[in-house]
Each structure stands twice: as C-alpha cells, then as structure tokens.
There are 2 protein chains.
Amino acid sequence: MIQLADDLDRDQPTRDEVIYERVFDAILEQRLAPGTRLSEDKLGQVFGVSRTIIRKVLQRLEHEGVVEIHRNRGASVANTTAEQARQVLVARQAIERAIVLSACEHIQVEDLQRLQLLIQAEQAAIQAQDRGRALRLSGELHLQLAEACGNEFLANFARMMVSRCSLIIAQYETHAHPLCSTDEHAAILKAIAEKDSELAVGLMHEHIQHIEAKLVLSEPSANQDLAAIFAED
Amino acid sequence: MIQLADDLDRDQPTRDEVIYERVFDAILEQRLAPGTRLSEDKLGQVFGVSRTIIRKVLQRLEHEGVVEIHRNRGASVANTTAEQARQVLVARQAIERAIVLSACEHIQVEDLQRLQLLIQAEQAAIQAQDRGRALRLSGELHLQLAEACGNEFLANFARMMVSRCSLIIAQYETHAHPLCSTDEHAAILKAIAEKDSELAVGLMHEHIQHIEAKLVLSEPSANQDLAAIFAED
DNA sequence: TTTTTAAAAATTGTATACAAAATTATAAAA
DNA sequence: TTTTATAATTTTGTATACAATTTTTAAAAA
C-alpha cells in the first residue's frame, strides 16, 4: 500500500474548515456586523452539523480575533474599540515592515507576477465601484505578499492583522472616502522587485498610515453621554 | 441584584484554562519533549476530565504553536525544524522591535520596577545554576515587557514568540554554553527607562542575535544519511 | 525471512444527552 | 407603575456513545 498522505494533511478540506471559511468571509464582508450573536444551535442548523463542530470553528475564530467568546454567554462578532484599533495598526505596521524586508530578500519572480495580477483585479473592482470586492482583494494582496516571503510565522501574523483590520475598516471608516488607490500597492511591489528595501519599507509605512487616516477612531456613541444625546427633547 | 461580572470574565480560572497552563508549562520546561504524543484519553485520565475538554486545550495549544495536530492522528509536542526556527527568530526580531519602540513611549514607572525585580530573580537563578528557572524567567521578562507597553496584540504575538523560542532553545541549544547574562536585559531596560528608543532597539536586536548564535540550526540527524552515520560499522 | 493481507485494538471525529448557567417571561409585592 | 422574586425557557458546558480512521497484531503467502 502506497502512503500518499505522508506527513502533510493536504487532503480535501474538512467540514469545520469549510464552515470556518464561510463564517470568516461573512464577517469580513460585513454580512455579519460587529456585535452579532453567533448561537451554536442556529449555526449548527444552518450548516447541518452538530454543535461540536460549530464550537471548534468559533474557538478558532476567537483565536484569530474576529469573534469574541464570553463564558456561558456564547460568541459574537468582535466589536473592536477605538483604542484596540489603534493598537492593531501599531502591530500591523511592525508586521508589514518585517514582511517587506523579508520579501526584498526572498520573493520569487512568479510571486511578483501573481501579485501584479491581483493589483489589476483590484483596479478593476475599484473602477466597477465594487467596494467590498476591492477591500477583499486589497487584503488578499497583503496576505499573498506575506506568504511569498516564505516565513510561515510572519504570514500567520499577517493573516490575523489583515482580517482584524478589515473588521476595523468596516466599523470605523467613513463612507465619504474614495476607494483605495492601487498606485500605492504597485509602488510598493516595484520597490520590492528592485530590492530597494529602504524605499519599500517607507512606502508600506505610508500606505498603512493612509489606511489609518481614513478611520474615525473615536469611541462609538454607545459609550457617550445619553443625557447629552437627548438634550434637545 | 448587583451585576458584578459586568463585561469582563475575571472569575476563577476554568478547568480547561488550568489544564492548558499545566501542559504549556510541561512543554516549556521540557518535561514533555518535542515529538511526544499527547493522547486525548490519557490526558483526560491524568486530569480527571473528558476528552471534550482535552480537545479544547489541545486546539488552543496548536494555535499557540507549541502543539501539532494531524487529522485522525492526534496531537504531539511541536517539533520545530531548523528552517522554522530561523523564521521564528526573524519574526521575533520584528515583534521585539515594535515592543521596545512602544515601551519607550508607554511604559510606567511601576512596570520598570517590577521588571527590575524579575531581572534580579533571573540573576539569582543563574547563580544557583538553575538553567530551567533562568530560561523561564527570561521568557517572563520579555512577556511582561510586552504587556507593559499596553498593546494587547503585540503582547499576544510576544507570547507566541517567547513560547515558541523556548521550545527551539530546548531543541537546538547546545548545553556547552554558559547561562544567559542578565546584563543585556538590564541594559535594554535602562535604555527604555531613559526613552532612548534607538539604543534600546539596537540592544534588543543584538540580544536576540545572541540567542540565535547559541543555537545549532542544522537539521536534526533523523533527516541525515543513515549510511554515512553507520559507515564505521 | 520478508512481504502481503486480514483481523483486532486503539485512537480520533461527531452527535447527542444531560447538567449548569444565563436569559426571558410571569407573577407577586412595594 | 415599578420593583422584586420566581418559574420557564433558552443557551452553553461537559460526558459519553457510537462511527470513522489509523495503528497494531497476527496470520498467510511469497
């Protein structure tokens, strides 16, 4: 009997992996808004599995930071505070810097070509005014850049940061802003291709700063003074 | 009725949290060597709980990177390859840099005092030739520095990096080396206290490099040529 | 002996039953 | 009406039973 599996688990995805992806996507695409309760029973019925599998999925999502679990009170889509959002962006700056430095050393030509195609797809989404798709592709670009630099730990951190940032953008970005320009992505990629690490790091830093600048990082109104809000009545 | 719990889960630790800590400690203190199988049934019997709780603990440990789970084949203590070890150290450099920068901005006087006490405890462990305790305290120092800079995401990454590095040191450090000097820790803390971020970052970078220098990052003999090993027979 | 095949045992994967806790609804007292 | 207390409902936490898979063992064939 030939042992195909060997050491890798490269079989078809398991049910919990599929469900994880679907819930993850729903959260990042804002079909599940921050704060939404995620009942084990209901999710189990939706996906036709028992609570056992749902609990596994929710625990993983909690670890990735997109879901909050409170003891005996169940799970809900993470509701990031403004202070947490600032912290996430500091952490993301650190991770993206490391990724750019590593990419300048290790990126392959095929990776660069693949990333170029992603930028084109992002551009197309922007021209089609498809904000959701553009945001998703932007995240995918950062993620694939992380994976291309061949450091599974940096890539893992990048995944956590990108998903968390998507949630934050969903929660704090005012819709008055125009869609992200792909020029910045292209410039970063060009600098990496030319192995100009200093330039690439600087461009990436500015890029993340631009993302931050579009956010309105004040605490949501729930914590504000109710008396002041209803003063006009 | 007064609602004490409010929004925080600051009750006593749950059973799975206690078990998580105990297994985590056992791995970091090398009482469970890399590669050791972690049977759900046996662990459940050891701690007097059902497999349900053990599975939850193992999944969390997998997320933190100290345990590997292979589908239908169960969990074992993570066996880091030399290449992975190099990647971890690159990622850790990035995280520690961000922590030092953040600490220079946000650290409080009380935090500095607490960290000083930890350095003294580490020094005592070194003089007592208690290598395990010294290693543990060194990790704790890095962790508490991360927590003191008030960024929960950086602190979370730091926890993952410190635990993973402990595993790597257990696996790859030759015992010929003298125990870590606490001078480096003290110097870093001094630079942070004086808010000299450039110096602090540089010292931290060197510190991690020194840790790396003590490792023998060649692939373990299992992957080597058996014929060559037994050539003398 | 070595390899192949088949059966047995052990281990993990999942659903479910029941316990524990929290939430909601209802009724009694202020 | 508002508050408090109690009961009913819902939801999560855990153990367990059974299914699916892997590993081990034993036997048969090369």
Side-chain angles (χ1 to χ4, degrees), chain A residues 1-23 27 32 35-63 66-79 222 226, chain B residues 1-23 27 32 35-63 66-79 222 226:
Chain A
M1 202 73 78
I2 301 168
Q3 172 99 359
L4 270 176
D6 205 72
D7 206 19
L8 289 144
D9 308 300
R10 52 169 146 68
D11 316 57
Q12 66 215 353
T14 56
R15 266 186 296 174
D16 56 83
E17 284 168 347
V18 172
I19 296 170
Y20 163 82
E21 287 290 346
R22 291 198 53 186
V23 178
I27 293 174
L32 286 171
T36 307
R37 301 247 359 249
L38 300 171
S39 151
E40 296 177 0
D41 243 336
K42 284 178 190 163
L43 279 177
Q45 285 175 328
V46 166
F47 292 109
V49 297
S50 78
R51 286 170 49 217
T52 308
I53 292 182
I54 298 297
R55 281 172 80 73
K56 184 176 178 184
V57 168
L58 290 175
Q59 275 157 27
R60 181 168 167 200
L61 287 165
E62 185 197 26
H63 223 88
V66 295
V67 153
E68 288 170 359
I69 297 180
H70 297 278
R71 196 193 309 175
N72 289 321
R73 255 169 249 183
S76 52
V77 179
N79 215 320
L226 287 175
Chain B
M1 202 71 80
I2 301 167
Q3 171 98 0
L4 268 176
D6 205 73
D7 205 20
L8 290 144
D9 308 301
R10 51 170 146 67
D11 316 56
Q12 66 213 351
T14 55
R15 268 186 296 174
D16 56 84
E17 284 169 348
V18 173
I19 296 170
Y20 163 83
E21 287 291 345
R22 292 198 51 188
V23 178
I27 293 174
L32 286 171
T36 306
R37 299 252 354 252
L38 299 171
S39 151
E40 296 177 1
D41 244 334
K42 284 179 191 163
L43 279 177
Q45 285 176 328
V46 166
F47 293 109
V49 296
S50 78
R51 286 172 48 216
T52 308
I53 292 182
I54 299 297
R55 282 175 77 82
K56 184 177 178 183
V57 169
L58 290 175
Q59 275 157 26
R60 181 169 168 202
L61 287 165
E62 186 196 24
H63 275 298
V66 295
V67 153
E68 289 170 358
I69 298 180
H70 297 278
R71 196 193 308 176
N72 289 320
R73 255 168 247 182
S76 51
V77 179
N79 214 319
L226 288 175

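Labels below follow one simple rule: chain letters A, B, ... track the order of the sequence lines, proteins then strands, and each chain is numbered from 1.
Both A:Ser50 and B:Lys42 lie near DNA chain C, and the one whose nearest nucleotide falls closer to the 5' end is B:Lys42. When each of B:Arg55 and A:Arg37 is assigned the nucleotide of DNA chain C bearing its nearest heavy atom, the one mapping closer to the 5' terminus is B:Arg55.
Nearest nucleotide to the A:Glu40 side chain, out of D:dT11, D:dG13, D:dA15: D:dG13. Distances from the side chain of B:Ile53 to the nucleotides D:dA15, C:dA15, C:dA22 place D:dA15 closest. The side chain of B:Asn72 has C:dT12 as its nearest neighbour among D:dT16, C:dT14, C:dT12. When distances are taken from the side chain of A:Asp41 to each of C:dA15, D:dT12, D:dA15, the shortest belongs to D:dT12.
In this structure, the side chains of B:Phe47 and B:Arg22 come closer than 4.5 Å at one or more pairs of heavy atoms. Under the 4.5 Å side-chain criterion, counting only non-hydrogen atoms from C-beta, B:Arg60 is in contact with A:His63. Looking only at side-chain heavy atoms (C-beta outward), B:Ile27 and B:Val67 come within less than 4.5 Å of each other.
Atom pair B:Asp16:CG and D:dT14:P shows a separation of 6 Å (rounding to whole Å applied). B:Ile54 has its CD1 atom 13 Å from the P atom of D:dT16, to the nearest Å. Atom P of nucleotide D:dG13 and atom CZ of A:Arg51 are separated by 8 Å, given to the nearest angstrom. Across the protein-nucleic acid pair, B:Ile19 atom CD1 and D:dG13 atom P stand 15 Å apart, rounded to whole Å. One can place CD of A:Glu62 at 10 Å from P of D:dG13, the figure rounded to the nearest angstrom. Atom P of nucleotide D:dG13 and atom NE2 of A:His70 are separated by 12 Å, given to the nearest angstrom. Per the geometry, CD belonging to B:Glu17 stands 13 Å off C1' belonging to D:dG13, to the nearest Å. Rounded to an integer number of Å, the gap from A:Arg73 CZ to C:dA20 C1' is 14 Å.
In this structure, A:Thr14 reaches neither bases nor backbone, as no heavy-atom distance under 4.0 Å exists between it and the strands shown.
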Please determine whether side chain to side chain contact (heavy atoms under 4.5 Å, CB included) holds for the pair B:Lys56 and B:Tyr20, giving the CA-CA distance in whole Å, both sets of side-chain angles, and the decisive distance to 0.1 Å. CA-CA 9 Å; B:Lys56 184 177 178 183; B:Tyr20 163 83; over 6 Å; no

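Between A:Arg15 and D:dA20, a side-chain N or O to OP1/OP2 separation shorter than 4.0 Å is absent. Between B:Thr52 and the phosphate of D:dT14, there is no side-chain N or O to OP1/OP2 separation shorter than 4.0 Å. A close approach under 4.0 Å does not occur between any side-chain nitrogen or oxygen of B:Arg71 and OP1 or OP2 of C:dG13.
Donor-acceptor pairing under 3.5 Å is recorded for the side chains of B:Asp16 and B:Thr14.
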